[in-house]
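The structure appears below as structure tokens.
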Number of protein chains: 2
Amino acid sequence: MKRKKKERQQLLIETLEKNPFITDEALAEMFDVSVQTIRLDRLELSIPEVRERIKHVAKERLDEIKALPLEEVIGEIIDLRLDQEAISIMDITEEHVFSRTGIARGHYLFAQANSLAVAIIDDELALTRKATIHFHRQVKAGERVVAKAIVTDSSAKQTVVEVTSKVNQEIVFHGEFMMYRSDSDTN
Amino acid sequence: MKRKKKERQQLLIETLEKNPFITDEALAEMFDVSVQTIRLDRLELSIPEVRERIKHVAKERLDEIKALPLEEVIGEIIDLRLDQEAISIMDITEEHVFSRTGIARGHYLFAQANSLAVAIIDDELALTRKATIHFHRQVKAGERVVAKAIVTDSSAKQTVVEVTSKVNQEIVFHGEFMMYRSDSDTN
DNA sequence: CCAGTCTTAGGACTAGGTACTAACATGTAG
DNA sequence: CTACATGTTAGTACCTAGTCCTAAGACTGG
């Protein structure tokens, strides 16, 4: 029976990590044990009751709201030919700009280009080693930035990706990214 | 008495918007009325009970988690001498890394450095014009990145900021940022 | 002064627990 | 086989933060 308990508790942890909103009663049904068993499990694992779990999630959110959001994958990739070419678009919103000037923060343009340079590489692991970048023109809220990446050199050691970002055909950003790939690296 | 009620209800709404975690009992004390009055107010205003309010906040957060966050001001500036030197720290967490490899995405390191280069400039408007950056070492979750920016050249036309980021004295990132400032630019 | 609004009080009930005691099943070691 | 440990289930009393409902005061304008 020992295995059963540990297994159940492991499952319990995983289940509540995915969805902290489940009551003991529902859990008891899920695992086909009594409510008391679930409570003992929670006690052993130091897992608080539903209401406390929910409160915890809610509090974390309130904290997060102060430290503002952005997308993880910056921009949306609309075309991708591995090791050749890729295109992504990013709409600049109020979140991306300096509130005083309305001009997009440089690191968002960099993030879009860098993300694209990583995405284009057909490998388990791609890392930026070096980059030379130019900001040609300011970008304002409401504008749509189209970034195009081209692999210009792909030796065994490293891959060079050139990224050009435009707003309405006008170049706003250009970067040359030296990328390392997992099958070529020592570091 | 009509004003008193409306006023209280308005205040109630505002109070709960700022902090949804307050119980009826605590509210009753705040407004110096009975708990029942608060409950009647909530009923009239269709405000759910604490536990439901908290649940709502928590659910919204779970939705947000899919569209991931990052800080607006990347890193925390701990020292700043305008046009001279500045230092910021950033703790790398799970949010900053590629889930497969645990290695921090390059644009976070860039964002920290770029933000610092912008902050160091004593001017209304500072923009990155060009940057040459090197990623010397991978940074993993749990590590603390300390970025130090130094203004190396400050002519009328442009300011050059060198940023060196370290983890435990070890250089992980270096960048040279050519910055334009508002009193020098045409664009 | 009386009606209508507002406020307060109290009782019965609920969900989702905690904390505790007690019974019982199962398995393993001596 | 007995004895003790581990695990499971059941039940009780109690808690918080409510809901829903009834009823009684308090205040105020006409």
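Chain letters run A, B, ... following the sequence lines, proteins first, then strands; residues in each count from 1. The structure displayed is predicted, hence computed values, not measured ones.
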Overall bend of the helix from C:dC1-D:dG30 to C:dG30-D:dC1 (five pairs an end, 10° steps) is 10°
A:K4 NZ to D:dG7 P: how many Å, rounded?
-> 13 Å
Residues in ring pair (Phe, Tyr, Trp, His ring centres under 6.0 Å) with A:F110, at least two apart?
-> A:F177, B:F110
Integer-rounded Å distance: C:dG16 C1' and A:I54 CD1 | 10 Å
For nucleotides 10-26 of chain D, 5' to 3', base contacts (B), sugar-phosphate-only contacts (S) and non-contacts (-) with protein non-hydrogen atoms under 4.0 Å give BB----BBBB-------
Can you check salt bridge (Lys or Arg N to Asp or Glu O under 4.0 Å) on B:K55 and B:E52, steps first, answer last?
-> CA-CA 5 Å; B:K55 209 181 278 181; B:E52 286 309 310; 3.4 Å; yes
Nucleotide C:dC6, atom P - distance to CD of B:E7 in whole Å | 14 Å
Rounded to whole angstroms, how far apart are NZ on B:K5 and P on D:dT28?
-> 15 Å
Here the distance between atom P of D:dG7 and atom CZ of A:F31, to the nearest Å, is 17 Å
Whether over 12 other heavy atoms sit under 6.0 Å from A:Q84 CD | yes
Mind calculating the distance between CG (B:L40) and C1' (C:dG10) to the nearest angstrom?
-> 14 Å
Is the shortest heavy-atom distance from the side chain of B:M179 to the side chain of B:V151 under 4.5 Å?
-> no
In plain terms, say whether A:R39 and A:E25 are close enough for a salt bridge, that is, a side-chain N and a carboxylate O under 4.0 Å apart.
-> no
Please report, rounded to the nearest Å, how far the P atom of C:dC6 is from the CZ atom of B:R8.
-> 9 Å
Would you say B:V163 and B:N114 make side-chain contact, with heavy atoms under 4.5 Å?
-> no
Start with the C-alpha gap between B:K148 and B:E162, add the side-chain angles, then the distance that decides, and say whether side chain to side chain contact (heavy atoms under 4.5 Å, CB included) holds.
-> CA-CA 8 Å; B:K148 184 172 183 178; B:E162 299 247 3; over 6 Å; no
Does a side-chain heavy-atom distance below 4.5 Å link A:V33 with A:R8?
-> yes
